[in-house]
Amino acid sequence: MSFISGSFLLFFPVVTIVYFSLPQKLRWFWLLIASYFFYMSWSPQYGILLAVSTVITYFSGLLIEKAGALPDAAQAAKRKKLWVAVSFVLNLGILVVFKYLNFFDEIYTDVISSMGMSAGAMKFDLLLPVGISFYTFQALSYTVDVYRGDLRPERHFGKYALFVSFFPQLVAGPIEKSKDLLHQFSEIHRFDYDRARRGFLLMLWGYFQKMVVADRLGQLVNTVYGSPGKYSGAEVAVASIFFAFQIYCDFGGYSNIAIGAAQVLGFSLTTNFSRPYFSLSIKEFWRRWHITLGAWFRDYLYIPLGGNRCSLFKQCLNLFLVFAVCGLWHGASFTFVIWGTLHGLYQIFGLLLKPARRKAAAALNIDPDSRLNRFLRASFTFVLVDFAWIFFRAGTVQDAFTLIGSLFRPADLSGGALFRLGLTAPEFFAGILGIAVVLAVDVLSRKTDLRALLLEKRPAVRWTAYFSAVLVILILGIYGSQYTAQQFIYFQF
């Protein structure tokens, strides 16, 4: 079941009405049933893996606490590490089998073949469970939090199972920390009309981002990236810029629908995006893009590796390793690994060149906070991000380099060539307008709570805005063109 399906538009109101109608002691059970129904609607087998991951991390938390109570401190520390290791090995083992087994088999086959020996690819026929990377990381963060003493293990198995499977953010995040979300399932949530309105508005914005902007831009992106080498530099450049906003509106739209739906039910989820394309550096970009994943890698990988409290060489190595793993987390392909390592290299070069940049700025008397300087830095950062997106979107590494080579091919825009890339002229300009609206909202939301501003208006103004938003989504997102809504991009991760 997807957020953009008709079944969800029936499912969510029913879940909400029943949730607030039930006694407090039964609400967790209702949400757990609803969450597993939501997830297993894709495939019943998915629920088995979700349950296995839940059981492993639940008992690992209890065993870690029990080990910590041993009178011998050395023995206690050793046992705690053992149970953390068991939790990681089992959970990551499941992830590797279902997501990376064929990828590693292909690497092995290529290596053997390069040595002049024959090795037939085995090709395991395994269905990749939707969202397995997300809930695995969320469950593992619980294990680490208990190990570090940041959280006492949850005794209530049902509420812990709900923490791992909570349907709004189960499939594509935000990746919540146990200390931020788990306690909320024991709190009393009464229906709050104002809170529900705010959640509903955020969901509407998410649907606009996904259905009106992302899916429209995706038609042109699919056309160009589906035929590498066929198009000119201008066409590839437009498609790459469109993809930057497609993935932002697609993933940001999902996150906003998830956060809004949870808010209607009385839960607070972590913001996952904060105007990423206005970032002045790649480091800042990762503080604004997929915020919860960046925080996960920072807290559970980068800092344990030593973070920036080590030699410059080790810090650079840590950055490289973290972003290489981040790329691999996104998908079992070298395209994702290259995308991740590019971002790691960006940050390494930014770190190494920082003293030189400061000296140059001082010598040239450049004000780092001037509007012109900020605009130039934001533009340069966007170019770097967009270049890396080519590898993220391309089907293969060879396709990516073919597309990069095409960027230098002279453009032939005669006869409206851009309007033959999967979008008619009106749809093309509708896509441009959608990008402009998204950027405008990002700019305005920096200092103004737009939802609060709307909710302060008279009822006639508010309801006009509600109906107008729904009509725009229905007309431009469903009936306004010949294409059908595409699945969320991050469902493949």
Side-chain angles (χ1 to χ4, degrees), residues 1-20 27 31 34-35 38-39 131 134 162 165-176 180-181 184-185 187 189-215 248-276 290-292 434 437-438 441-442 444-445 448-457 462-463 465-474 477 485 488-491:
M1 186 188 305
S2 172
F3 286 166
I4 54 176
S5 65
S7 54
F8 181 78
L9 298 181
L10 175 64
F11 168 83
F12 182 65
V14 170
V15 169
T16 302
I17 292 170
V18 174
Y19 174 74
F20 285 110
R27 289 181 176 180
L31 285 183
S35 296
F38 175 85
Y39 190 56
F134 285 89
L162 179 56
S165 65
F166 189 42
F167 75 87
Q169 46 85 225
L170 168 63
V171 178
I175 302 172
E176 293 293 332
D180 294 330
L181 179 60
Q184 296 187 50
F185 298 119
E187 297 173 352
H189 296 144
R190 295 183 175 86
F191 180 77
D192 186 313
Y193 179 63
D194 289 334
R195 184 188 63 219
R197 287 192 303 170
R198 291 179 64 87
F200 172 70
L201 284 176
L202 192 56
M203 291 178 73
L204 274 182
W205 176 238
Y207 280 114
F208 175 86
Q209 288 178 294
K210 166 61 178 171
M211 300 179 70
V212 178
V213 184
D215 284 354
Y248 173 38
C249 292
D250 190 284
F251 192 22
Y254 181 95
S255 296
N256 285 328
I257 297 171
I259 295 169
Q263 189 170 19
V264 170
L265 292 167
F267 298 90
S268 297
L269 299 182
T270 306
T271 299
N272 218 14
F273 292 88
S274 179
R275 303 176 296 279
H290 203 172
I291 296 170
T292 55
V437 170
V438 169
V441 169
D442 276 358
L444 293 173
S445 63
T448 305
D449 186 338
L450 298 179
R451 285 187 292 167
L453 187 64
L454 176 60
L455 293 176
E456 291 172 356
K457 301 297 182 182
R462 293 201 309 270
W463 284 100
Y466 301 157
F467 282 115
S468 298
V470 172
L471 285 174
V472 167
I473 294 169
L474 289 176
F488 287 96
I489 292 173
Y490 266 69
F491 277 16

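Remark: Ile257 CD1 to Ser255 OG distance equals 9.5 Å, nearest 0.5 Å. A distance of 13.0 Å separates CD1 in Ile473 from NZ in Lys210, rounded to the nearest 0.5 Å. Between Ile259 atom CD1 and Thr270 atom OG1 the span is 7.5 Å, to the nearest 0.5 Å. Taking CZ of Phe3 as the reference point, atom OH of Tyr254 lies at 4.0 Å (rounded to 0.5 Å). Annotation: the span from Phe12 atom CZ to Ser7 atom OG amounts to 14.0 Å, rounded to 0.5 Å. Note: Lys457 NZ to Leu454 CG = 8.5 Å, rounded to the nearest 0.5 Å.
Between Trp205 and Phe208, the ring-plane angle classifies as parallel under the 30° and 60° cut-offs. The aromatic rings of Phe267 and Tyr19 sit tilted, their planes meeting at an angle between 30° and 60°. Classified by interplanar angle (parallel below 30°, tilted 30° to 60°, perpendicular above 60°), the ring pair Phe11/Phe8 is tilted.
Residues satisfying the ring-ring contact (aromatic ring centres under 6.0 Å, His included) test with Tyr490, not counting sequence neighbours, are Phe251, His290, His330, Phe493.
Between the Ser445 side chain and the Asp442 main chain, a donor and an acceptor come within less than 3.5 Å of each other. A donor-acceptor contact shorter than 3.5 Å links the side chain of Asp250 to the backbone of Ile489. The closest donor-acceptor contact from the side chain of Gln169 to the backbone of Pro174 lies under 3.5 Å. No donor-acceptor pair closer than 3.5 Å links the side chain of Ser5 to the backbone N or O of Met1. Listed for the Asn256 side chain is no donor-acceptor partner under 3.5 Å among the backbone atoms of Met203.
Each of Tyr39, Phe38, Phe185 was scored for a ring pair (Phe, Tyr, Trp, His ring centres under 6.0 Å) with Phe166, with one residue passing: Phe185.
In terms of heavy-atom proximity, Ala258 sits nearest to Gly173 at CB-O, 3.9 Å. Across every non-hydrogen atom of Val15 and Ala34, the tightest pair is CG2-CB, 3.9 Å. Nearest heavy atoms, Gly260 versus Leu202: N-CD2, 3.8 Å. Here the closest heavy-atom approach between residue Ser35 and residue Leu162 is recorded as OG-CD1, 3.9 Å. Here the shortest heavy-atom pairing between Ser165 and Leu170 reads O-CD2, 3.7 Å.
Taking the side chain as every heavy atom from C-beta outward, Phe134 and Val171 never approach each other to under 4.5 Å. Using a 4.5 Å heavy-atom cutoff, the side chains of Arg27 and Phe20 are in contact. For the pair Leu201/Tyr466, a side-chain contact is recorded, criterion being any heavy-atom separation below 4.5 Å from C-beta on.
For residues 260-269, every residue pair satisfying the side-chain hydrogen bond (donor to acceptor under 3.5 Å, both in side chains) rule, not counting sequence neighbours, is listed here: Gln263-Arg451.
Between Arg198 and Asp192 there is no salt bridge, since none of the side-chain N atoms of the basic residue sits less than 4.0 Å from a carboxylate O of the acidic one.
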*Show the numbers, then the answer: is there a side-chain hydrogen bond (donor to acceptor under 3.5 Å, both in side chains) between Thr292 and Glu176?*
CA-CA 7 Å; Thr292 55; Glu176 293 293 332; over 6 Å; no

